[in-house]
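Taking it in order: structure first as structure tokens, then the write-up.
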Amino acid sequence: DPRKMVTYLSQEGLLGLLHGGADLNEFWRRWACVEPHHRVFSAAAAQQLRLSRTIPFLSHGDEGRTKKKKGILLWTMRGCVGEGSRMFRERADAELQRLSMGLNMNDSLTSRFLHIAIPKRVYETNSSKVWDSLSEHIAQAYLDLETNGVVCSGERWHLVCLGLTGDNPFLAKVGHLERNYARGPKRGGGASPVGVCWLCQAGCQGFPYEDVGKNPGWLSTCSVQDPWRSTPPFLRALGIQERGELMFRPDIWHNWHGGVAKHFVSCSMAMFIKAMPGPMGVDRKILLIDQAYTEWSKTSKERLHHGRITKDLFGLHEVVPVGSWTKFADSRVLLLFMEHLLRCCGLHTATTTTDRILEACAAANSCFSILYSSGFWLTPGAACLAGQYGLRCNCLYAILAKTALDQGWPLFPMIPKIHYVHHAWVELVSRSRSLQWVPSPLGFSVQLDEEPWQSLINPKPFFEGIRSPTCVFLVQV
């Protein structure tokens, strides 16, 4: 029961692990501009809670794998704000850190709190019923934390869930999403009967999800039609009746670093190798690129988890190259290296295509540099600039896809994940025009939410020396 875990935190005086010492009144003042009709504000007006003692949090779940490759479902919660990223702490002065409220990128063992862990063998024969039962049970606990709260040092605190995060399969299952990542057209240029996005009708007839312009056609369809046949148990138990699709937060970590970037870097490498002059074979060219990476790594202090540059790393033996790295952080490293390779190494003959790849790499790197060096809240200038860089990167990706296709190369595939990323960029630019503070898409990223799983698989170090509670419940079905 999530309530028991939060109650323990309050009894031990550890609620700060959920709010990071942020000015909660100010957080909610800004959130009122983002979601003015959120029910927390009517509750505050009715004096049912005090915003200064109301903690915003996010719920997260996913199906992971143990070291023996066995499936396991875990569900956690975390506060929305924290100490911020390393770049944020190093670059922002104390006043800006206070105003921006850092991203929750704290030590995962003291910022991510586990509700439940279930081996897949327990629920795989009746998975949909178990998923619904779990999500309903957890949402009921969240509703109790929102309405009744907990007492800490003689004061009543309330907790409000601002969204559910996870990869696309998890969100589709919990949300009963008819419009989801798996509903893309089965042939190029086609349309999906129901669409690929729960936030809008992208992918439906007349609204191609591949539209990555500054004012895409699908933008007018946001929140027009529910993405489910009936309200999912998670929302029903939380008592959310309107615009419930907004509770299911797209994750830029899975969609960009674990999705679009893996295609972009691999396809870009294929085009780069094609642009390298001379009679050398692919193996020799890869060796030269690996040597350039080794030198760059020494000076930049950036390291791949994979270790080396190889053909298999980029899937160059496939018809459509796609990265084989499993650590999504390697996408960031490879994007930085790709920009260096194109700008400084002199190993290729520049073409219009390689120039576009370089511009796209630089735009992506600039975009995420802004986001990671900022807090949960972005200034309008930072939000607009990050969004414009992101839009430019997506636009160039689409141009590269068309150029390659015209040349008979099925590269730079327009997968649904590029649409979810585009939502973030369009939203940043749009909100920068009307808000004084804009929430960062990294605020809903799950980059650190899956780290505790590796410790859970080896539980001894997971529990030793941890004062904050991490409650694990194994469910019998």
Side-chain angles (χ1 to χ4, degrees), residues 2 5-32 34-35 38 40 44 49-60 76-115 142 145-146 149-153 155-165 249 251-253 371-379 382 437-452 466-470:
M5 183 269 294
V6 176
T7 299
Y8 178 86
L9 284 174
S10 65
Q11 291 172 346
E12 295 296 314
L14 294 172
L15 283 182
L17 295 175
L18 285 170
H19 62 71
D23 182 342
L24 296 178
N25 255 333
E26 178 62 15
F27 181 96
W28 289 114
R29 186 190 70 79
R30 297 176 186 180
W31 196 259
V34 178
E35 292 188 30
H38 196 289
V40 72
L49 53 78
R50 295 182 62 177
L51 294 178
S52 61
R53 294 201 297 268
T54 300
I55 302 172
F57 74 92
L58 296 169
S59 184
H60 169 75
T76 64
M77 69 180 293
R78 66 171 174 88
C80 286
V81 295
E83 296 177 358
S85 68
R86 176 180 55 81
M87 289 176 64
F88 175 68
R89 297 192 301 271
E90 290 176 353
R91 297 183 183 183
D93 59 36
E95 180 64 10
L96 183 57
Q97 289 186 37
R98 183 185 67 82
L99 292 172
S100 300
M101 303 184 195
L103 295 163
N104 191 341
M105 292 190 169
N106 308 3
D107 175 14
S108 57
L109 293 181
T110 55
S111 63
R112 271 66 178 170
F113 302 99
L114 193 61
H115 298 332
Y142 290 167
L145 289 169
E146 180 179 333
V150 294
V151 176
C152 180
S153 302
E155 296 179 324
R156 186 162 297 278
W157 290 70
H158 298 260
L159 290 88
V160 174
C161 181
L162 289 188
L164 183 65
T165 64
R249 305 285 183 177
D251 170 37
I252 205 163
W253 180 246
L371 295 180
Y372 277 105
S373 59
S374 302
F376 182 93
W377 296 102
L378 303 170
T379 63
W437 291 96
V438 181
S440 169
L442 289 184
F444 307 96
S445 167
V446 306
Q447 181 171 350
L448 296 184
D449 291 317
E450 297 171 12
E451 280 191 359
I466 302 301
R467 184 179 176 223
S468 61
T470 306

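Quick caveat, the model's predicted, so the values are computed rather than measured.
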Would you indicate whether the side-chain heavy atoms of [Y] and [X] approach each other to under 4.5 Å?
X      : Y      : value
Leu24  : Ile55  : yes
Pro56  : Trp28  : yes
Val446 : Asp251 : yes
Leu96  : Ser374 : no
His158 : Arg53  : no
Met77  : Val6   : yes
Phe88  : Leu103 : no
Val40  : Leu49  : yes

Donor-acceptor pair, side chain of [X] and main chain of [Y], under 3.5 angstrom:
X      : Y      : value
Gln97  : Ala92  : yes
Asn106 : Glu83  : yes
Ser59  : Leu164 : no

- Might you work through the side chain to side chain contact (heavy atoms under 4.5 Å, CB included) test for Leu99 and Trp377, ending with a clear yes or no? CA-CA 8 Å; Leu99 292 172; Trp377 296 102; over 6 Å; no

Quick one: closest heavy-atom pair of [X] and [Y], and the distance?
X      : Y      : answer
Cys152 : Ser10  : SG-O, 3.4 Å
Met101 : Ala22  : SD-CB, 4.1 Å
His38  : Cys161 : NE2-O, 4.5 Å
Gly84  : Arg89  : O-NH1, 2.5 Å
Ile252 : Ser445 : CG2-CB, 4.3 Å
Trp437 : Ser100 : CZ3-OG, 4.0 Å

- Query: Going through the checks in order, is the side chain to side chain contact (heavy atoms under 4.5 Å, CB included) test met by Val150 and Leu145?
  - Reply: CA-CA 7 Å; Val150 294; Leu145 289 169; 3.9 Å; yes

- Query: With Ser373, which residues qualify under side chain to side chain contact (heavy atoms under 4.5 Å, CB included), at least two apart?
  - Reply: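 Ser373 satisfies side chain to side chain contact (heavy atoms under 4.5 Å, CB included) with Met87, Arg91 only.
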
Can you tell me how far the [atom1] atom of [X] sits from the [atom2] atom of [Y], to the nearest 0.5 Å?
X      : Y      : atom1 : atom2 : result
Ser85  : Gln447 : OG    : CD    : 9.0 Å
Leu162 : Glu35  : CG    : CD    : 7.0 Å
Trp31  : Thr54  : CH2   : OG1   : 14.5 Å
Leu14  : Thr110 : CG    : OG1   : 10.0 Å
Leu15  : Leu9   : CG    : CG    : 6.0 Å

- Query: Are His60 and Phe444 near enough that their ring centres are under 6.0 Å apart?
  - Reply: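 That pair fails the under 6.0 Å test.
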
- With His19 as reference, evaluate Phe376, Phe27, Trp157 under the ring-ring contact (aromatic ring centres under 6.0 Å, His included) test and give the passing residue.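 Among Phe376, Phe27, Trp157, the one meeting ring-ring contact (aromatic ring centres under 6.0 Å, His included) with His19 is Trp157.
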
- Message: Can you list everything that forms a salt bridge (charged side-chain N to carboxylate O under 4.0 Å, His left out) with Glu26? Sequence neighbours excluded, please.
- Response: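 For Glu26 the salt bridge (charged side-chain N to carboxylate O under 4.0 Å, His left out) partners, ignoring immediate neighbours, are Arg29, Arg30.
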
- When you look at Leu18 and Phe113, which way does the side chain to side chain contact (heavy atoms under 4.5 Å, CB included) test go after all the steps? CA-CA 9 Å; Leu18 285 170; Phe113 302 99; 3.8 Å; yes

- Query: What is the ring orientation for Phe57 with Tyr142, classed by angle as parallel under 30°, tilted 30 to 60°, or perpendicular over 60°?
  - Reply: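 Ring orientation, 0 to 90° scale: perpendicular.
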
- Message: With no hydrogens and no angle check, just 3.5 Å: does a side-chain donor-acceptor pair link Asn104 and Arg112?
- Response: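 Their side chains do contain a donor-acceptor pair, which is all the 3.5 Å distance test asks for.
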
